[in-house]
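Please see the structure below; I have some questions.
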Amino acid sequence: MAQSILLRSLLLHRKTMLLPTTTRLRSLAALHLSNSVAQQAKSNGGALQESSGGGSNVSTDVRPIGEKIKENTKTASYTAIILAGLGVTGIMFYAIFRELFSKESSCNIYSKALQMVVDDPRVQDAIGSPIKGFGETSRRGRRQHVAHTSFERNGVPHMRMQFYVQGLRNKATVQLEARRDSKGQLEFRYLFVQLDHYPRTTIVLADNRAYDPTPDRAQSGFGNLALMSNSRDK
């Protein structure tokens, strides 16, 4: 539009040079007005271009609100699943760490008992050296985990365990029961090695059953009956 106005003004200016003076002044006035209109049109066009360029910062996301809510819900669900997975992984690592490094874990009790069995000269003489230990054996001959049971007696945690040892000549079965002593340290209530071959001798490596804490007789049923009979006799 601005180019057509400029072209028209140039043609008008050329014609005015051929007209008389009065007509030439009128033509010059018209030419000046045409130039003013052309400059104004040009400035308006630049302003429109700037406004269209500045509108690039406006968001072009025209999706429905329902779709946006659905996408946000899906993102939150994925985040919750990831956090739950991290929590389960942390619990698993804690359980493994406790099983491997705790003094009262079955692995540590087994290792301590096996070391006592291997170092005992009576066991070495009975089944031969070297001695190795293993757990239960499946039908296919695969050796599985060591059988153990945890329980409480008189408020003290106990663990009962059984595993097997094999020497150069014979085999034997190891039975033990571990607990905490009065100082909170791990001790064996008993630790026996029973030979599998004739005459099936039992080698005692530890026997602390005589030091078992006795329950208070006054709290037992027979103790209450005794107290009641004594009060009646009086």
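In this chain, residues are counted from 1 in sequence order.
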Any donor-acceptor pair under 3.5 Å linking the side chain of Arg169 with the backbone of Asp125?
-> yes
List the steps and the verdict of side chain to side chain contact (heavy atoms under 4.5 Å, CB included) for Glu177 and His158.
-> CA-CA 7 Å; Glu177 188 173 309; His158 287 64; 3.2 Å; yes
Roughly how far, to the nearest 0.5 Å, is the NZ atom of Lys112 from the CG atom of Leu186?
-> 5.0 Å
Can you name the nearest heavy-atom pair linking Ala113 to Leu191, along with the distance?
-> CB-CD1, 4.2 Å
With Val174, which of Val123, Leu114, Val165 fulfils side chain to side chain contact (heavy atoms under 4.5 Å, CB included)?
-> Val165
pair Thr149-Met159: side-chain heavy atoms closer than 4.5 Å | no
Any side-chain donor near an acceptor of the partner, Asp119 and Gln115, under 3.5 Å | yes
What's the spacing between Leu176 CG and Arg160 CZ if we round to 0.5 Å?
-> 10.0 Å
Mark yes or no for whether Asn170, through its side chain, and Ala126, through its backbone, hold a donor-acceptor pair below 3.5 Å.
-> yes
Nearest-0.5 Å distance that lies between atom OG1 in Thr79 and atom CD1 in Ile81 = 9.0 Å
Reported CE-to-CD1 distance for the pair Met161 and Ile109, which is rounded to 0.5 angstrom = 5.5 Å
Centres of the Phe163 and Phe134 rings: under 6.0 Å?
-> no
Does the distance from a Lys or Arg side-chain N to an Asp or Glu carboxylate O, for Glu152 and Arg179, drop under 4.0 Å?
-> no
With a cut-off of 6.0 Å (strictly less than), are more than 12 heavy atoms of other residues, nucleotides or ligands near CZ of Phe151?
-> yes
Using the side chain to side chain contact (heavy atoms under 4.5 Å, CB included) rule, take Leu195 and Arg200 through it: C-alpha gap first, then chi angles, then the decisive distance, then the call.
-> CA-CA 5 Å; Leu195 304 179; Arg200 299 184 66 85; 5.6 Å; no
Nearest 0.5 Å please: distance from the CG atom of Leu168 over to the CD atom of Gln124.
-> 12.0 Å
Do Arg189 and Tyr211 touch side chain to side chain, with heavy atoms closer than 4.5 Å?
-> no
Does Val193 share a hydrophobic cluster with Val118, counting links as ILVMFWY side-chain heavy atoms below 4.5 Å and allowing steps through other members?
-> yes
Are Leu205 and Val146 connected in the hydrophobic side-chain network, where two residues link if heavy atoms are under 4.5 Å apart?
-> yes
Separation of His197 NE2 from Ile127 CD1 (nearest 0.5 Å) = 8.5 Å
Report yes if the distance between the aromatic ring centroids of Phe188 and Tyr190 is under 6.0 Å, otherwise no.
-> no
Do Gln162 and His148 come close enough that some side-chain heavy atom pair is under 4.5 Å?
-> no
Is a side-chain N or O of Asn154 found less than 3.5 angstrom from the main chain of Val156, in a donor-acceptor match?
-> no
